[in-house]
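Worksheet: the structure to be examined is printed underneath.
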Amino acid sequence: MEQGQGNDDGGPERTRRLALATPAWRALLTPALIALLSRVYSSVLIILADAPSRATIPTPFTWWDAGWYLEVATHGYHPTSFTSATTVGRYDFAFFPLWPGLMRAAAVLTADPLVPVLLANLLFMIAAVLLWRLLADRFGTAVATGAVALLAFSPPSFAFSMAYSEPLFLALAAAYFLGRSAAGRRALGAPLAAALAMAARIDGAAIVASAALGAVRRRGVERRTAILAVLAGCAVFAAWWLFIALLVHDPLGFLRASPSWYRTAGWEQYVSALRHPSIRNDGRLGFAALMVVGSLLALRRDGELGVYALAALAIGLLPGGVIYSLPRYAVIAFPAYAGLSGALGRRGTIALVVAFALAQWLFVSWAFALPGAQPP
């Protein structure tokens, strides 16, 4: 663990000792309870926002990208676009395979579309526990609790209650960083988690970036583990690229995925949003900016977590990123919440959690209230 300044618990070594001495029941109960309460809160908001248009959106928890994941889980990937427009092409291989693969596995037991929703909620609770353990080790228990609360009630966190891939990815990201500190055979869990995370979302590239930093800065077993994580993540991405190339008979077929969905995307769309301000776009950009600040604060305390967070935010600027979903891209940068919690202290963190929870209602209404609903 890296040395840092301003540790509320009396220094990095004392922080680590306190984290390790935390009773097992607290390490499980505190983040699990936060996660459970937040999922109930988000689910209620989604149901209320969807109520006026229920005839149009019968299952709000499987709307937007969740519907695409379900389609892939049921019918697999297709080489052709699902739109006849000449300027955009909506290819289902824009969605990485691990989450729809788990959906398909769950369908063996039952085809009820709410099963993936329940699975996503369960995975978020697991992710919350793992993230708390990780952040307690790196930043202290108080910061870890505040960070998990900020993540769980953040404005775009309602997506964790839907059949989206973010809860799965967060659980794998936490497993990777926890595995980085393991020794011996257990250390092999980190490269495996990195590989699975890359199979879940493009954000796996942020884990690869963090592992690359670890490969340079670490020594011994930790360096070898980081190198294996880089190789594992790159191998999975290469395999996915090859699969798409064979599917569409084009070696650059991957570039048709997310970038083809919108006429304007990535940083160009964000610049356009700055030129044409609105409450929705200003709110989305403001949340992303706050996450950048939190990531920079986390970088001062832990280089590898900070690089992961900044890389995750940068991925949202790539072609295919859209202003509607910018907060959901940014929410993956979980170390930012630890940076904010550490800087704000207990009272400031509580105030921000309350503000986040109130703002979440706006974000939910933007995604579900018709007319004018936009994907999260």
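A quick note: this is a predicted structure, and the numbers were derived from the prediction, not measured.
Distance check, rounded to the nearest 0.5 Å: CG of Leu123 to CZ of Phe160 gives 11.5 Å. To the nearest 0.5 Å, the span separating OH on Tyr164 from CH2 on Trp68 amounts to 12.0 Å.
In summary, the side chains of Trp132 and Thr30 do not present any donor paired with an acceptor at a separation below 3.5 Å, with no hydrogens or angles considered. No hydrogens or angles considered: nothing links the side chains of Ser81 and Arg90 as a donor-acceptor pair under 3.5 Å. There is a side-chain donor-acceptor pair under 3.5 Å between Ser42 and Gln360.
Between Arg217 and Glu222 there is no salt bridge, since no side-chain N of the basic residue sits under 4.0 Å from a carboxylate O of the acidic one.
Figure legend: Arg39 and Phe124 shown as a cation-pi pair, the cationic atom lying under 6.0 angstrom from the six-membered ring centre and within 45 degrees of its axis.
For Ser341 (side chain) and Ala338 (main-chain N/O), no donor-acceptor pair under 3.5 Å exists by modelled atom type. The closest donor-acceptor contact from the side chain of Thr59 to the backbone of Thr62 lies at 3.5 Å or more, if one exists at all.
Taking the six-membered ring where the residue is Trp, Phe334 and Tyr308 present tilted rings, their angle falling between 30° and 60°.
Taking the six-membered ring wherever Trp is involved, the centroid distance between the rings of Trp240 and Phe243 falls below 6.0 Å.
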### Task
Would you sort out whether Leu98 and Phe169 count as a side chain to side chain contact (heavy atoms under 4.5 Å, CB included), showing the intermediate values?
CA-CA 10 Å; Leu98 185 58; Phe169 179 84; over 6 Å; no
